[in-house]
Amino acid sequence: MDSRRESAETLRNKCSACFRQYNKMEHLVEHMKVSYHSVHEPKCGACRKHCRSFESLREHLIGPLPKAECARVFSARGCGICLNIFDSPAAARYHRQACQYSRAAPMPKGGAGGRAVAMACKMVGGGSDGSVDLCARVCLIGEDENVIFQTYVKPTAPVTNYRYEVTGIRPEYLRDAMPLKLVQRRIQDILCNGEPLWKIRPRSYGRARILVGHIVDHDLERLGLEYPAFMIRDTAKYPPLMKTSKLSNTLKYLTQAYLGYDVHTGIQDPYEDCVAAMRLYIRMRSQAHPRDYASGSGEVQNNYPAWRQREMERMSPEELLALSGSDYYCWCLDP
């Protein structure tokens, strides 16, 4: 009898997001305070469990030790790229054809289609051992994958390693390359789009464009540029795409896992990196999350003040989850 009572009590103290169980209600409340569960987390389409990242969801569905019932459903009706589960095997097969991208071919120059711009750079080496990154090539594309701006960049220091096997850059390509100062002005004009940099504000961007990329901070640093952090969408730092809370995945892995094709199989083209980052961004932005939920602003949204402790310990797990919010900005909230 006591064991049945204890089991029922533990079930009542079960997190309705990640399904962890606690002996006492106050322990569940403490868990909710630090977990930041929200509607923006990846969820299993079979059991509806919330996962911190898509990597965690992948482990849950098809990892070495998956949840057996979820793995069975996923193998019959799931998509291995977007990790969604569909109503029937036929619907899943039809979806997979559209879900998997093919490798991009360079597109002609055009206008900046859409609100976002993707940027990628290729670096050559400077310094005595060639380990100092010097930007030698840069590319920017729009959401339509058309090239907005692409050029070789004249390095500001002597090049000691052209890293040809990766960059494909030879000395003659940089001899008459565009000076860095001019490149800076061109990129700043494209990103700000006529909006003064100091006028750009969170969630009211004006005409300024969202900057997409992979390890964007490094590219901006090598270019000598600054851009507001709230306008940057970095696939290396977006929590749902990270390996762990502190460890990023490579662009090569993300492209293979979540777009279904390979990059970096030879000489690396910055256009190809731009396209991969943009496609990842659009896929994440298109996640079907409730749009009226006041979470995902990048600010602490949990509503668990100490003075409500007694009240919260009397709530159901579902009511506690309704108070919780994301601790990162979800890209589905972008305009």
For Y238, what residues pass the ring-ring contact (aromatic ring centres under 6.0 Å, His included) criterion, not counting sequence neighbours?
-> Y328, W331
Taking salt bridge (Lys or Arg N to Asp or Glu O under 4.0 Å) as the test, write out the residues that go with K199, two or more places apart.
-> none
Residues forming a ring-ring contact (aromatic ring centres under 6.0 Å, His included) with Y164, sequence neighbours excluded = none
With sequence neighbours excluded, tell me which residues meet salt bridge (Lys or Arg N to Asp or Glu O under 4.0 Å) with R222.
-> none
Which pairs count as salt bridge (charged side-chain N to carboxylate O under 4.0 Å, His left out) when at least one residue sits in residues 146-168, sequence neighbours excluded?
-> D133-R163
Which residue pairs pass the side chain to side chain donor-acceptor pair (under 3.5 Å) test when at least one of the two sits in residues 118-131, sequence neighbours left out?
-> K122-Q268, K122-D273, D129-S131
Taking only residues two or more places apart in sequence, or in another chain, which ones meet E26 in a salt bridge (Lys or Arg N to Asp or Glu O under 4.0 Å)?
-> none
Who passes ring-ring contact (aromatic ring centres under 6.0 Å, His included) against Y152, sequence neighbours left out?
-> Y173
Taking only residues two or more places apart in sequence, or in another chain, which ones meet R72 in a salt bridge (Lys or Arg N to Asp or Glu O under 4.0 Å)?
-> E69
Determine which pairs satisfy side chain to side chain donor-acceptor pair (under 3.5 Å) with at least one residue from residues 49-58, sequence neighbours left out, and list them in order.
-> E41-H50, R52-D327, S53-S56, E55-Y253, E55-Y258
Mind checking ring-ring contact (aromatic ring centres under 6.0 Å, His included) for H264 and listing every partner two or more places apart, or none if nothing turns up?
-> none
Could you pull out every donor-acceptor pair under 3.5 Å between side chains of residues 84-96 and any protein atom, sequence neighbours left out?
from: S88; atom 1: OG; to: A91; atom 2: N; distance (Å): 3.1
from: R96; atom 1: NE; to: G78; atom 2: O; distance (Å): 3.3
from: R96; atom 1: NH2; to: G78; atom 2: O; distance (Å): 2.6

